[in-house]
Amino acid sequence: HSIKTSRKRDSFAWHKAATAGAISGRWKRRLRKYFPMDGILNLNKPSGLTSYDVIRRVKKITGEKHVGHAGTLDPLASGVLPVCLGQATRVIEYLFAANKEYRAEIELGITTDTFDRTGTVLHRSDWKDITLPQVEFALEGFRGSIKQKPPLYSALKYHGRPLYEIARSGKTVEVKE
């Protein structure tokens with residue numbers, strides 16, 4: 001296979017060729033040595049993928065071995081997932097500690113057993129009398145620095161398994177704040 005590049009040997013073209021399978025393993029290692037991929041990608045994770053599904057895809061596309069994410073999003077959640085490549089994986093711990101802001105789309109008047117849209121509806125109530133000041137008052141408890149006990153249906157892991165898998169299998173475990 002031949003690879004057409006400019007005289008500068010554009011690193012993107014080399015990485016593209018390496019990940020497309022046009023270059024053997026020995027050459028891939030050499031390319032990574034001379035054209036490392038270090039940096040942070042802010043990816044918009046779609047609903048339906050786990051955070052690790054995104055990492056797996058980034059590894060496949062870039063050919064980079066050292067890839068990690070700076071925050072776990074539930075498979076049902078969509079949103080920004082910071083993905084670190086190469087030397088940038090060293091800053092993941094600092095990104096975890098950074099302030100975060102969340103936006104949510106909610107449906108009022110429904111309670112489910114999983115606290116999300118996939119669960120069985122346990123209770124329905126009329127939401128038409130709820131006012132904006134009532135909603136703002138309820139949300140006040142979620143602003144600022146808070147300690148939160150995660151629900152059983154979350155992406156946090158317990159002995160290597162996501163809590164939502166354990167909960168959907170019918171088991172319960174004690175979750176710490």
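Hydrogens, waters and symmetry mates are skipped; everything else that's a heavy atom, side chains included, is used.
- For R143, the CZ atom counts as densely surrounded, since its 6.0 Å shell holds more than 12 non-hydrogen atoms of other residues, nucleotides or ligands.
- Atom CD of E107 is separated from atom OG1 of T112 by 10.0 Å, given to the nearest 0.5 angstrom.
- Taking both residues in full, the closest heavy atoms of K65 and K59 are given as O-CE, 3.4 Å, listed atom of the first, atom of the second, then distance.
- The shortest distance between side-chain heavy atoms of I130 and V135 falls below 4.5 Å.
- A distance of 7.5 Å separates OG1 in T50 from NZ in K45, rounded to the nearest 0.5 Å.
- Remark: E174 CD to L152 CG distance equals 8.5 Å, nearest 0.5 Å.
- Linking Ile, Leu, Val, Met, Phe, Trp and Tyr whenever their side-chain heavy atoms come within less than 4.5 Å leaves Y164 and L73 in two separate clusters.
- Counting only heavy atoms from C-beta outward, the side chains of V80 and N44 never approach each other to under 4.5 Å.
- Heavy atoms of other residues, nucleotides or ligands lying less than 6.0 angstrom from CZ of R161 number more than 12.
- Taking each heavy atom of I55 and G68 in turn, the nearest pair found is CD1-C, 3.7 Å.
- A donor-acceptor contact closer than 3.5 angstrom is absent between the side chains of S51 and R56.
- Here CZ of R124 is found 4.5 Å from CD1 of I110. Values are rounded to the nearest 0.5 Å.
- When side chains are defined from C-beta on, T131 counts as touching Q134, because their heavy atoms get closer than 4.5 Å.
- Taken to the nearest 0.5 Å, the CG atom of L81 stands 10.0 Å off from the CG atom of L49.
- The hydrophobic clustering, which links ILVMFWY residues whose side-chain heavy atoms are closer than 4.5 Å, places I61 and L43 apart.
- Here the shortest heavy-atom pairing between A88 and I40 reads CB-CG1, 4.0 Å.
- Under the rule for a side-chain hydrogen bond (donor to acceptor under 3.5 Å, both in side chains), D38 has no partner lying at least two apart in sequence or in another chain.
- Placement of L108 and L139 within a single hydrophobic cluster is found when ILVMFWY residues are connected by side-chain heavy-atom separations under 4.5 Å, directly or transitively.
- Using a 4.5 Å heavy-atom threshold, the side chains of V121 and D113 count as separate.
- Hydrophobic cluster membership is shared by L41 and V54, with clusters built from Ile, Leu, Val, Met, Phe, Trp and Tyr side chains linked at under 4.5 angstrom.
- In the displayed structure, F96 atom CZ is contacted under 6.0 Å by more than 12 heavy atoms of other residues, nucleotides or ligands.
- No side-chain heavy atom of V67 sits under 4.5 Å from any side-chain heavy atom of T89.
- One hydrophobic cluster, built from ILVMFWY side chains closer than 4.5 Å, cannot hold both I106 and F115; they sit in different ones.
- In this model, a donor atom of one side chain and an acceptor atom of the other lie less than 3.5 Å apart for S47 and R117.
- A distance of 11.0 Å separates CG in L85 from NE2 in H66, rounded to the nearest 0.5 Å.
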